[in-house]
Amino acid sequence: MKLRDYLLPGNIVLDLGAPSKGMLIKQLSELAAGRLSLDASEISEVLINRENLGSTGIGAGVAIPHAVVKGIDRHFCLFARLVRPVDFEAVDDQPVDLVFLLLNPESRPEHLNILSCIARRMREEETVAAIRRAASPEEVYVRLCPPEA
């Protein structure tokens with residue numbers, strides 16, 4: 001499984017400004033809704049419900065909010081780098097500045113493999129540092145989805 005199979009180059013957003021976790025989820029939902037032609041409030045609701053079960057902040061400034069969304073037939077992945085970190089109630093209590101949104105169809109169970117793939121990439125300190133200093137979405141995409149990974 002390769003991250004580039006799920007993350008499209010056009011789904012990289014840099015310098016997203018969100019003052020809080022709630023606003024970040026709302027902004028991510030709006031971005032996804034625009035790309036998927038869905039209702040942003042429905043996406044936001046399932047993401048908030050998932051966050052209420054436990055934070056998807058995995059530590060080291062990274063979060064992977066994810067949920068099952070009705071009306072999609074394929075996995076949807078979006079990456080956002082934030083202007084300023086926000087409190088995401090992460091496992092290490094560190095604020096989050098790198099966020100992967102993963103929306104999953106009801107009938108496709110491989111989302112755990114996709115989450116694992118994202119987490120592996122984000123454990124690579126060199127990759128994370130390069131993403132944080134990247135000047136363009138293209139640079140981020142190359143770091144996240146190199147041909148060999």
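In what follows, every heavy atom counts, from backbone to side chain, and hydrogens, waters and symmetry copies are set aside. Quantities reported herein were computed from a predicted structural model and do not represent experimental measurements.
- Counting heavy atoms from C-beta on, the side chains of P146 and R121 come closer than 4.5 Å.
- Every residue meeting the side chain to side chain donor-acceptor pair (under 3.5 Å) condition with S136, not counting sequence neighbours, appears here in chain and number order: E138.
- In this structure, CD1 on I64 lies 4.0 Å from CD1 on I58, to the nearest 0.5 angstrom.
- Side chain of Y6 to main chain of R74: no donor-acceptor pair is present (N/O by atom type, distance under 3.5 Å, no hydrogens or angles).
- Between L53 and N49 the shortest side-chain heavy-atom distance does not fall below 4.5 Å.
- Hydrophobic side-chain contacts under 4.5 Å tie M23 to no other Ile, Leu, Val, Met, Phe, Trp or Tyr residue.
- Legend: residues meeting side chain to side chain donor-acceptor pair (under 3.5 Å) with D39, ordered by chain and number and at least two apart, are S41.
- Partners of E126 under the salt bridge (charged side-chain N to carboxylate O under 4.0 Å, His left out) rule, at least two apart in sequence or in another chain, are R143.
- Contact record, A40 with S29: O-CB, 3.5 Å, taken as the closest heavy-atom pair.
- To the nearest 0.5 Å, atom CG of residue L115 and atom CG of residue L102 are 5.5 Å apart.
- Side-chain atoms of L3 and C145, non-hydrogen and from C-beta on, do get closer than 4.5 Å to each other.
- Scanning both residues, A90 and G59, for their nearest heavy atoms gives CB-N, 4.3 Å.
- Among residues two or more places apart in sequence or in another chain, the side chain to side chain donor-acceptor pair (under 3.5 Å) test is passed with K21 by E51, E89.
- We find the CD-OG distance between Q27 and S44 to be 11.0 Å, quoted to the nearest 0.5 Å.
- Residue D5 holds its CG atom at 11.0 Å from NE2 of H75, rounded to the nearest 0.5 Å.
- Residues C77 and I114 have side chains not in contact (no heavy-atom distance under 4.5 Å, counting atoms from C-beta outward).
- In this structure, the side-chain contact (heavy atoms from CB on, under 4.5 Å) partners of P137, at least two apart in sequence or on a different chain, are I12, L14.
- Counting only residues at least two apart or in different chains, salt bridge (charged side-chain N to carboxylate O under 4.0 Å, His left out) contacts with residues 91-105 comprise D97-R132.
- Note: H111 NE2 to S116 OG = 11.5 Å, rounded to the nearest 0.5 Å.
- Taking Ile, Leu, Val, Met, Phe, Trp and Tyr as hydrophobic and joining them when side-chain heavy atoms fall under 4.5 Å apart, one finds L101 in a cluster with V13, L16, L24, I25, L28, L31, L36, L38, I43, V46, L47, I48, V69, I72, F76, L78, L82, V86, F88, V96, V99, L103.
- The two residues M122 and V128 make their nearest non-hydrogen contact at O-CG2, 3.3 Å.
- Judged as a side chain to side chain donor-acceptor pair (under 3.5 Å), and not counting sequence neighbours, the contacts of D15 are R81.
- With sequence neighbours left out, the side-chain contact (heavy atoms from CB on, under 4.5 Å) criterion links R84 to no other residue.
- For the pair R4 (side chain) and P147 (backbone), a donor-acceptor distance under 3.5 Å is present.
- Within the structure, ring-ring contact (aromatic ring centres under 6.0 Å, His included) contacts touching residues 17-39 (residues at least two apart or in different chains) do not occur.
- Residues that satisfy the ring-ring contact (aromatic ring centres under 6.0 Å, His included) test with F100, not counting sequence neighbours, are F79.
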